[in-house]
Structures are given as C-alpha cells and as structure tokens.
K.L.:
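This is the structure I want to talk about, given as structure tokens.
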Amino acid sequence: DASHLAGFEPEAASAADPSRAAAIRAALDDGRLELAFQPIAAVAGGGGAQFQTLLRLRDEHGLLRTASELIQEAEAAGLLGEVDQWVFDRALSVIAARPAGAAERRLFVSQSPQTIASDPKAARAREALARHGVAPGSLVIDLRMDDALVHCLAMTDFCEQLVPHGV
C-alpha cells in the first residue's frame with residue numbers, strides 16, 4: 001500500500017535577493033571574504049595544532065558577517081559552489097604557507113554536500129592538493145551529519161577519491 005510510503009523532499013529554495021547575490025558576487029570579486037580560525041583541542045592529546053576554518057564576509061560597512069548568513073544567501077544566489085571553492089583554495093594556501101620546521105597544523109574545512117557531489121569537485125580537489133603541496137592529514141573536510149547521511153553516495157565517492165591523497 002503506497003499510502004504508507006514517504007520520500008525525501010528537499011526544502012524549497014528561497015528566492016534569491018538580487019542585492020544579496022550581488023553583494024556575495026562583489027565579495028568574491030573584490031577579495032572581501034575572509035577566513036577565521038578557531039582552535040580545536042585534541043581530545044586524545046594528538047600532536048599538532050587543529051583549527052576549524054570559519055568563513056566570514058566583510059560587508060561594505062566593514063562589519064563581519066558569519067558563515068551561517070552567507071551560506072544560505074550563496075545557495076539561494078547560485079554561488080555556493082564558488083564560495084566553497086574559495087574557502088577550499090584559501091585553506092590550502094594557509095596550510096601550504098606553514099614555515100619550514102613549524103609544527104604541523106590541521107584545518108577542518110566545511111564544504112556543502114551540493115559542492116562535493118558535483119562531478120569535477122574531487123578532481124579539482126586532488127589537483128589543488130598537489131599544486132599546494134599539502135601534507136597528508138593536514139586537511140579534514142567537515143560536513144554536517146544530516147547532510148552526510150542524505151548525500152551518503154556522493155560523500156562515499158568523494159571520500160574514495162580523496163582519502164588516498166591524505167584528506
């Protein structure tokens with residue numbers, strides 16, 4: 001009896017506010033996106049520093065806006081992939097800029113499941129890892145558990161392609 005079956009229905013995307021979309025596009029183009037780094041305490045006393053990478057946008061008035069605001073707006077504006085790519089590339093640059101002999105550091109970088117599920121994402125990620133010379137174990141892709149469960153096939157494919165490269 002089909003009356004007892006239900007399927008996943010994604011939330012309807014909210015309409016993009018053209019001014020917000022333009023603000024995010026301008027921030028990408030003008031370099032007003034920023035990363036903040038929140039220390040993560042190692043539970044088991046692991047070596048090296050660990051940081052959660054947090055996206056911020058400095059608006060036209062100089063105020064910092066949080067990732068929670070930006071991600072929803074970027075998704076509604078169709079710019080989420082570009083924002084995720086900027087965060088990913090910038091995080092790799094930060095990892096690669098570690099001075100010789102400095103302690104290892106690991107960055108936890110949030111990415112959206114929509115971006116990860118896009119076909120060329122894993123290939124672009126592997127190329128960026130090689131270009132930046134990122135040491136294995138220096139990058140952790142961070143996803144919300146609910147997103148990972150809903151998109152588990154895409155996540156599995158992504159992981160199979162990047163885990164061998166130290167992600």
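Along the sequence shown, the residues carry numbers beginning at 1. Reckoned from all heavy atoms, side chains included, excluding hydrogens, waters and symmetry mates. The structure displayed is predicted, hence computed values, not measured ones.
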K.L.:
If I take atom CG from residue Asp157 and atom NE2 from residue His151, how far apart are they, to the nearest 0.5 angstrom?
P.N.:
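If we round to the nearest 0.5 Å, Asp157:CG and His151:NE2 are 14.0 Å apart.
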K.L.:
Within the 4.5 Å heavy-atom criterion, are Phe51 and Val94 side-chain neighbours or not?
P.N.:
no
K.L.:
With heavy-atom distances below 4.5 Å as the criterion, would you say the side chains of Leu139 and Phe108 are in contact?
P.N.:
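No, side chains not in contact.
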K.L.:
Rounded to the nearest 0.5 Å, how far does CD1 of Ile116 lie from CZ of Phe158?
P.N.:
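Answer rounded to 0.5 Å: 4.5 Å.
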K.L.:
Work out which heavy atom in Ala36 is nearest to a heavy atom in Arg56; give both atom names and the distance.
P.N.:
CB-CG, 4.4 Å
K.L.:
Are the side chains of Met155 and Pro113 in contact, using a 4.5 Å heavy-atom criterion?
P.N.:
yes
K.L.:
Any chance you could measure Leu33, atom CG, to Glu82, atom CD, to the nearest 0.5 Å?
P.N.:
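So the CG of Leu33 and the CD of Glu82 are separated by 10.5 Å.
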K.L.:
Ala77 and Ala21: which non-hydrogen atoms are nearest, and at how many Å?
P.N.:
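Looks like CB-CB, 3.4 Å.
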K.L.:
Hydrogens and angles aside, do Gln111 and Asp142 bring a side-chain donor and acceptor to less than 3.5 Å of each other?
P.N.:
no
K.L.:
If we ignore hydrogens and angles and just use 3.5 Å, is the side chain of Arg32 paired with the main-chain N or O of Arg58 as donor and acceptor?
P.N.:
yes
K.L.:
Is it true that Glu34 and Arg90 make a salt bridge, defined as a side-chain N closer than 4.0 Å to a carboxylate O?
P.N.:
no
K.L.:
Going from CZ on Phe37 to CZ on Arg105, what distance comes out if it is rounded to the nearest 0.5 angstrom?
P.N.:
8.5 Å
K.L.:
Between Val87 and Leu35, is there a side-chain heavy-atom distance shorter than 4.5 Å?
P.N.:
yes
K.L.:
Which atom pairs, donor and acceptor, lie under 3.5 Å between side-chain atoms of residues 125-134 and protein residues at least two apart or in another chain?
P.N.:
{"from": "Arg126", "atom 1": "NH1", "to": "Gln161", "atom 2": "OE1", "distance (Å)": "2.8"}
{"from": "Glu127", "atom 1": "OE1", "to": "Arg131", "atom 2": "NH1", "distance (Å)": "2.4"}
{"from": "Glu127", "atom 1": "OE2", "to": "Arg131", "atom 2": "NH1", "distance (Å)": "2.9"}

K.L.:
Before giving the answer on side-chain contact (heavy atoms from CB on, under 4.5 Å), spell out for Gln85 and Arg124 the whole-Å C-alpha distance, their side-chain angles and the decisive distance to 0.1 Å.
P.N.:
CA-CA 9 Å; Gln85 191 64 47; Arg124 280 195 311 249; 3.4 Å; yes
K.L.:
Kindly say whether Thr66 contributes a backbone atom to a donor-acceptor pair with the side chain of Glu69 at under 3.5 angstrom?
P.N.:
yes
K.L.:
Quick check for you: to the nearest 0.5 Å, what is the distance between Ser138 atom OG and Ile95 atom CD1?
P.N.:
5.5 Å
K.L.:
With heavy-atom distances below 4.5 Å as the criterion, would you say the side chains of Leu70 and Val83 are in contact?
P.N.:
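With C-beta onward as the side chain, the pair stays apart.
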K.L.:
Using 0.5 Å steps for rounding, measure from the CG atom of Leu80 to the CD atom of Gln72.
P.N.:
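So the gap between those two atoms works out to 11.0 Å.
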K.L.:
For Ser112 versus Leu143, what's the shortest heavy-atom pair and its separation?
P.N.:
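What the structure gives for the nearest pair is C-CD2, 4.4 Å.
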K.L.:
Heavy atoms, side chains only, cut-off 4.5 Å: are Trp86 and Leu28 in contact?
P.N.:
yes
K.L.:
For residues Ser110 and Gln52, determine if any side-chain heavy atom of one lies less than 4.5 Å from a side-chain heavy atom of the other.
P.N.:
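Yes. Closest side-chain heavy atoms under 4.5 Å.
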